Amino acid sequence: MLPGRKLTVETALRILRLRWWLLACPLFLGMMGGLLYSRSQPSLYRSDAVVQVVPQRIPDTYVQSTVTARVEDRLSALAQQVLSRTQLEAVVRQFDLYPGQRDKLPMEDVFRLMTSRIEVAPLAGSAGSRGGVDAFRVSFDYEDPQIARDVVERVAGFFIDRNAQERGSQANQTSAFLEAQLAQARSRLEAQEKKLEAFRERNSGRLPTQMQTNMQAIQNTQMALQAAVESLARDRDRKMMLERLYTEAAADPPPPVSPSPGAVGSGASMSLPVDASPRQRLDAARTLLAQLQLRLSDKHPDVVRTRRLIEDLERQVAGDETQASADAVDRPATPEELRRRERLREMRAEIESLDRQIAFKEGEERRLRDAIASYQARLEAVPGIESEWIALTRDYDTLQATYKELLAKSENSKMAASLEQRQIGEQFRILDPPRVPVKPHSPNRMRINLLGTFAGLGLGLLLIALAEFRDSTMRSEADAMGAIDLPVLVLLPFVATAEDVQRKRRLRLAVSAGVGVACLVTVTLFWYLQLWRYVV
């Protein structure tokens with residue numbers, strides 16, 4: 001290209017007019033290449049089906065499904081299983097797909113070709129209120145529209161069957177796992193119960209949970225002991241009084257006697273009536289002795305004198321009773337004597353009854369005191385076994401809570417498995433069945449032809465630009481002035497010789513013949529290959 005030459009519209013038009021064949025040939029070749037390429041590509045018909053994800057028919061608040069994975073994740077896993085080589089090879093053989101490719105290519109390449117033409121994708125905008133996919137589309141491209149429809153129907157059926165199998169298998173496996181865990185938890189809980197039972201038997205009554213019961217039992221036993229002691233005291237007082245009355249009634253009233261010297265000298269504590277009986281004086285002496293022993297030692301003269309007096313009175317009372325018995329045998333019983341004897345028998349019977357009651361109440365008192373001591377020992381033993389008890393009960397409560405939780409989950413998993421077996425859980429259903437396509441889906445022949453045309457046009461423009469860049473011919477005054485930067489004195493016109501005219505005539509004939517041959521070839525190709533069908 002000459003230096004200083006400016007590219008204007010007139011220059012560009014002149015270049016195109018001079019070098020039009022550099023643009024026409026690539027453009028023609030590009031158009032023909034696009035047509036031939038689009039014709040070589042087979043027409044693929046796409047058939048598709050819409051599979052709906054039907055939610056569980058029973059609310060989740062009643063039966064919780066054990067399949068918690070999102071539909072997107074499960075759809076990806078199902079697509080890998082359905083589009084596996086084993087499944088697709090069975091489909092290829094069933095519908096006799098790609099017969100030419102199977103003869104020339106290995107099965108791995110045929111498998112890749114088929115997987116590239118199968119598309120599984122969630123529908124845009126199918127995410128509902130649950131936040132998951134509500135439907136997805138399964139499509140397949142093939143040269144035969146009927147076969148494309150049959151393959152889509154088969155693949156969609158694979159998705160439905162595999163989904164039901166996977167959900168049922170997962171529900172059954174979950175139920176079996178929870179059953180095994182529940183059995184283990186039950187055995188551990190039973191072992192812990194046996195430990196707890198043995199501990200309770202070994203420490204019966206000393207458990208921390210029985211502390212309040214023991215304290216209440218101590219209070220009740222103390223109240224019972226107090227009542228028993230008071231009742232025993234009353235019975236003893238009653239017995240003492242009856243014995244005194246019985247002794248007084250059994251002794252005959254002796255003739256009045258003067259008090260013995262010992263009695264007179266016994267002090268103010270022995271002041272008794274003059275006509276007191278020996279039995280009365282004996283009781284008074286005993287009472288005095290008890291009072292003296294509280295204040296004096298056993299060797300004190302008053303204590304010694306009182307003991308001698310008691311011995312004398314006892315001998316006197318014994319002699320009086322013997323004499324009275326002899327007199328009673330000798331004399332006949334009078335009515336008063338009979339009444340006296342009856343009264344004595346009643347008093348003796350009551351005294352004996354009081355003896356039995358006192359003996360029973362004394363035993364009851366001892367029993368109550370032993371019970372209080374036992375309860376006290378239980379309370380004292382509680383801190384020593386409390387730590388072991390807390391550890392056992394804590395483990396038992398933990399195992400029991402775990403067992404209850406596993407039991408609830410196991411029952412829920414059984415219901416979920418029954419839900420899947422009855423096919424009322426979440427499942428896939430064909431919402432829009434596949435149809436036989438009437439128009440090819442690919443290739444896009446219009447785009448291929450346009451790409452070929454633009455490629456030829458670009459190549460032609462590139463050739464023109466390259467030819468112009470390499471051309472250094474000066475064809476005008478402006479070219480000369482721009483190239484040599486000198487004034488032009490004169491312009492000589494081009495004088496064509498006969499040889500030049502002949503050469504130009506032969507070039508025109510060659511170009512015309514070439515254009516004619518190209519048109520003939522183009523018409524022949526259009527007619528023979530029916531390229532007009534592949535224009536759009």
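Note that this is a predicted model, so its numbers are computed, not measured.
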Under the ring pair (Phe, Tyr, Trp, His ring centres under 6.0 Å) rule, collect the residues that match up with Tyr98, sequence neighbours excluded. Tyr142

Under the ring pair (Phe, Tyr, Trp, His ring centres under 6.0 Å) test, residues paired with Phe159 that sit two or more places apart: Phe136

If we ignore hydrogens and angles and just use 3.5 Å, is the side chain of Asn412 paired with the main-chain N or O of Ala408 as donor and acceptor? no

Does the Ser175 side chain pair with the main chain of Ala171, one donor and one acceptor, at a distance under 3.5 Å? no

I'd like to know whether Arg112 forms a salt bridge (charged side-chain N to carboxylate O under 4.0 Å, His left out) with Asp109, so could you lay out the CA-CA distance, the side-chain angles of the two residues, the decisive distance to 0.1 Å, and finally the verdict. CA-CA 5 Å; Arg112 295 190 189 94; Asp109 295 340; 2.8 Å; yes

Pairs where residues 77-87 contributes a residue and the test salt bridge (charged side-chain N to carboxylate O under 4.0 Å, His left out) is met, not counting sequence neighbours: Arg85-Glu89, Arg85-Glu108

May I have all residue pairs that pass salt bridge (charged side-chain N to carboxylate O under 4.0 Å, His left out) and include part of residues 512-524, sequence neighbours excluded? none

Go through the side-chain N and O atoms of Gln502 and Arg505 and say whether any donor and acceptor fall under 3.5 Å apart. yes

Between Val53 and Asn163, does the side chain to side chain contact (heavy atoms under 4.5 Å, CB included) criterion hold? Intermediate values first, please. CA-CA 10 Å; Val53 181; Asn163 177 68; over 6 Å; no

What one should report as the nearest heavy-atom pair of Val152 and Ser139 is CG2-C, 4.2 Å

Minimum-distance pair of heavy atoms, taken over all atoms of Tyr45 and Glu143: CD1-O, 3.1 Å

So does Met107 have more than 12 non-hydrogen atoms from other groups sitting under 6.0 Å from CE? yes

Without placing hydrogens or testing angles, list every side-chain donor-acceptor pair under 3.5 Å for residues 190-198, not counting sequence neighbours.
residue	atom	partner	partner atom	Å
Gln192	NE2	Leu392	O	3.3
Glu193	OE2	Tyr396	OH	3.3

Side chain to side chain donor-acceptor pair (under 3.5 Å) against [X], all qualifying residues, sequence neighbours excluded:
| X | answer |
| --- | --- |
| Arg366 | none |
| Ser169 | Gln173 |
| Asp103 | none |

Under 4.5 Å between any side-chain heavy atoms of Leu462 and Leu466, yes or no? no

Distance-only check: which donor-acceptor pairs under 3.5 Å involve side-chain atoms of residues 428-435, not counting sequence neighbours?
residue	atom	partner	partner atom	Å
Arg429	NH2	Gln52	OE1	2.9

Distance-only criterion, 3.5 Å: show the donor-acceptor pairs between side-chain atoms of residues 176-188 and protein atoms not counting sequence neighbours.
residue	atom	partner	partner atom	Å
Glu179	OE2	Ser410	OG	3.0
Glu179	OE2	Lys414	NZ	2.8
Arg186	NE	Tyr403	OH	3.4
Ser187	OG	Ala183	O	3.4
Ser187	OG	Gln184	O	2.7

Residues that Asp150 engages under salt bridge (charged side-chain N to carboxylate O under 4.0 Å, His left out), provided they are two or more places apart: none

Sequence neighbours left out, cut at 3.5 Å: what donor-acceptor pairs do the side chains of residues 373-389 make with other protein atoms?
none

